[in-house]
Amino acid sequence: MLVTVMLAMFMAAIEATIVATAMPAIVAELGDFSLYSWVFSSYLLMNAVTVLIYGKLSDLYGRKPVLTFGIVVFLIGSILCGFAPSMEWLIFFRFIQGFGAGAVMPIASTIVGDIYTKEERAKIQGYLSSVWGISAIMGPALGGLLVEFVSWRFVFWLNVPLGILAIIGLYLFLHETIEKKKQSIDFVGAILLTLSVTSFMFVLVEGGVRWKWISLPTIALLVFSIFAFLIFIYVERKAKDPMMPFDLWKKRSILIANLTSLTTGVILIGLSTFLPTFVQGVMEEPAIIAGLTLTTMSIGWPIAATLAGKSILKIGYRTTSIIGGISLILGSIIFIILKSNDSPLFAATGSFLIGIGMGLTTTAFIVSIQSNVNWNKRGVATATNMFMRNVGSTIGAALLGGILNTQLINFFSKHGVEDTLSLDSTAMLLDQSQRNHLSEEGQVLIQDGLSFALNSVYWVVFLFAIISFILILFLPKGEKAD
């Protein structure tokens with residue numbers, strides 16, 4: 001069963017690294033650079049919103065049927081993504097893929113919480129995190145090879161055999177007994193949360209690009225987002241079986257873990273989405289090198305998670321998380337000072353430090369949360385934490401994508417080339433054959449603009465690393481896994 005869980009997690013983990021590596025090639029072929037961040041945002045949005053629903057459903061109906069459904073939908077979305085004829089269609093198919101992906105990570109982690117004791121969980125989480133290391137090495141390498149020698153479309157189709165094997169393993173090895181009783185599912189809460197997060201994402205992505213920040217569409221969507229979220233909170237407090245049980249948040253360790261997962265989600269997406277763009281577009285390195293700079297993050301993650309599994313037994317959740325918070329800050333500082341003439345190894349070092357920080361904090365949070373709730377709430381408690389990280393990544397993709405687009409437009413305007421260069425000109429920079437058609441002056445201007453815009457993105461990432469560290473300091477002292 002552990003191997004099956006690891007296989008399902010591997011499928012989701014490799015998706016994160018392999019698509020980011022292929023994105024410069026995808027946008028170079030399909031065009032419309034302004035929609036770049038939507039390829040990530042659409043996937044993350046559905047992933048974030050559905051993760052809570054799947055967590056609740058798994059508590060009600062069992063882990064097996066819910067995880068199977070999620071994997072099947074994920075595979076359908078993956079197949080369709082590979083056939084996408086345009087960026088708009090790719091974004092739509094990523095919605096479908098994300099709808100299924102919401103079941104994979106939280107339920108796989110919950111199954112581990114079910115079949116292992118409290119002390120064993122700390123060690124097993126380290127083993128599970130090795131999945132990220134394997135996917136990190138294989139994902140960018142495979143992505144780079146497929147992009148250069150076959151087609152970026154195979155990046156999505158790689159998921160199919162993995163998903164089929166995971167489903168077979170589930171039905172062979174997972175045996176569970178579920179108490180039959182009348183169930184109620186909070187669909188109203190799910191719809192309200194989807195509306196709130198989606199409208200907020202539109203503001204972040206399109207504000208300052210297609211719409212002015214102070215304009216009717218921007219203000220209307222922002223007001224609607226806040227209103228839908230307030231109604232969501234009201235509905236959740238009244239619901240018989242709320243999608244997000246707020247009583248879980250009353251324990252300080254769970255509250256801080258969830259809030260910090262939100263802020264680290266922004267850091268995670270800021271790195272995985274935009275680092276390949278910097279390495280390929282500004283440093284002029286090939287896709288496989290861009291992938292390898294991202295690989296080091298997912299190598300650092302499982303190493304740190306394995307160490308965290310042991311350290312939380314000795315020094316507690318708080319100290320382990322504090323060390324992780326420091327690593328996140330150090331990694332983000334490297335990206336602030338990263339320049340076009342720096343070695344990709346320097347970028348890889350920053351990526352590795354972010355991976356160390358993520359490995360230490362996420363492992364400590366998951367083990368802590370699962371140790372503080374009963375079986376019938378373990379699914380939704382685990383899902384809530386992953387939901388917060390996914391929401392952070394969703395908002396981060398939209399926010400940072402919006403900042404990137406806005407800063408690029410401002411740069412071109414400042415240099416008086418807004419009539420000859422646009423956001424779509426940046427897509428030419430990401431493809432070697434198209435780059436050769438640019439004039440030397442045009443290429444330098446686009447590279448300088450992209451470097452300037454990405455530097456602004458990484459300053460925001462640094463800010464969220466600081467916020468994450470401050471939140472971690474509020475974790476209760478003296479709590480260990482025992």
Side-chain angles (χ1 to χ4, degrees), residues 1-16 43-44 46-78 96-116 120-121 124-125 127-129 131-132 135 159 162-179 183 185-186 190 241 243-245 248 258 261 362-363 365-367 369-371 373-391 393:
M1 193 57 239
L2 178 61
V3 172
T4 298
V5 167
M6 292 174 73
L7 190 60
M9 293 181 76
F10 177 76
M11 181 182 70
I14 200 170
E15 176 70 16
Y43 175 84
L44 291 165
M46 292 310 296
N47 193 329
V49 174
T50 57
V51 75
L52 282 172
I53 302 171
Y54 288 129
K56 185 66 178 177
L57 289 173
S58 76
D59 286 339
L60 297 176
Y61 300 112
R63 321 303 187 202
K64 187 191 295 184
V66 179
L67 182 53
T68 302
F69 174 80
I71 292 174
V72 169
V73 174
F74 179 82
L75 294 184
I76 291 170
S78 298
I96 297 173
Q97 197 183 26
F99 186 82
V104 180
M105 293 303 288
I107 297 181
S109 295
T110 303
I111 290 172
V112 171
D114 293 341
I115 63 180
Y116 291 101
E120 288 172 331
R121 278 178 220 142
I124 293 299
Q125 286 294 338
Y127 298 145
L128 289 179
S129 294
V131 169
W132 291 91
S135 69
N159 295 319
L162 299 175
I164 292 171
L165 285 173
I167 291 172
I168 292 171
L170 271 178
Y171 279 86
L172 287 177
F173 305 115
L174 182 59
H175 310 290
E176 53 186 1
T177 304
I178 307 301
E179 181 186 348
Q183 315 290 4
I185 303 170
D186 181 23
D241 286 305
M243 188 176 73
M244 183 187 287
L248 289 174
N258 288 341
S261 293
T362 54
T363 305
F365 293 159
I366 288 294
V367 177
I369 288 168
Q370 290 185 345
S371 300
V373 294
N374 297 323
W375 184 94
N376 64 338
K377 285 193 175 180
R378 193 174 291 146
V380 73
T382 305
T384 299
N385 181 255
M386 293 193 175
F387 163 78
M388 293 301 288
R389 190 166 78 225
N390 288 344
V391 166
S393 291

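Since the structure is predicted, the reported quantities are computational estimates derived from the model, not experimental observations. Nothing fancy with the numbering, it's 1 onward along the sequence.
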Residues in side-chain contact (heavy atoms from CB on, under 4.5 Å) contact with Ile164, at least two apart in sequence or another chain: Leu75, Val160, Ile168
From Asn159 atom CG to Gln97 atom CD, the distance as rounded to the nearest 0.5 Å: 6.0 Å
Closest non-hydrogen atom pair between Gly163 and Ile71, with its separation: O-CG2, 3.7 Å
Set of side-chain contact (heavy atoms from CB on, under 4.5 Å) partners for Ile76, sequence neighbours left out: Val72, Leu80
Side-chain heavy-atom pair Phe365, Arg389 within 4.5 angstrom cut-off: no
Validation row: Met1, Leu172 side chains within 4.5 angstrom (heavy atoms): no
Nearest heavy atoms of Gly70 and Ala103, plus distance in Å: CA-CB, 3.7 Å
Partner residues of Ser261 under the side chain to side chain donor-acceptor pair (under 3.5 Å) criterion, sequence neighbours left out: Asn385
Shortest non-hydrogen separation from Ala101 to Phe74 and the atoms involved: CB-CD1, 3.7 Å
Min side-chain heavy-atom separation Thr4-Ile111 under 4.5 Å: no
Nearest heavy-atom neighbours spanning Tyr54 and Gly100: OH-CA, 4.1 Å
Distance in Å, Ile369 CD1 paired with Thr384 OG1, rounded so as to fall on 0.5 Å steps: 8.0 Å
Parallel, tilted or perpendicular, as decided by the 30° and 60° cut-offs, for the rings of Phe69 and Phe99: perpendicular
OH on Tyr43 to CD1 on Ile96, rounded to 0.5 Å: 13.5 Å
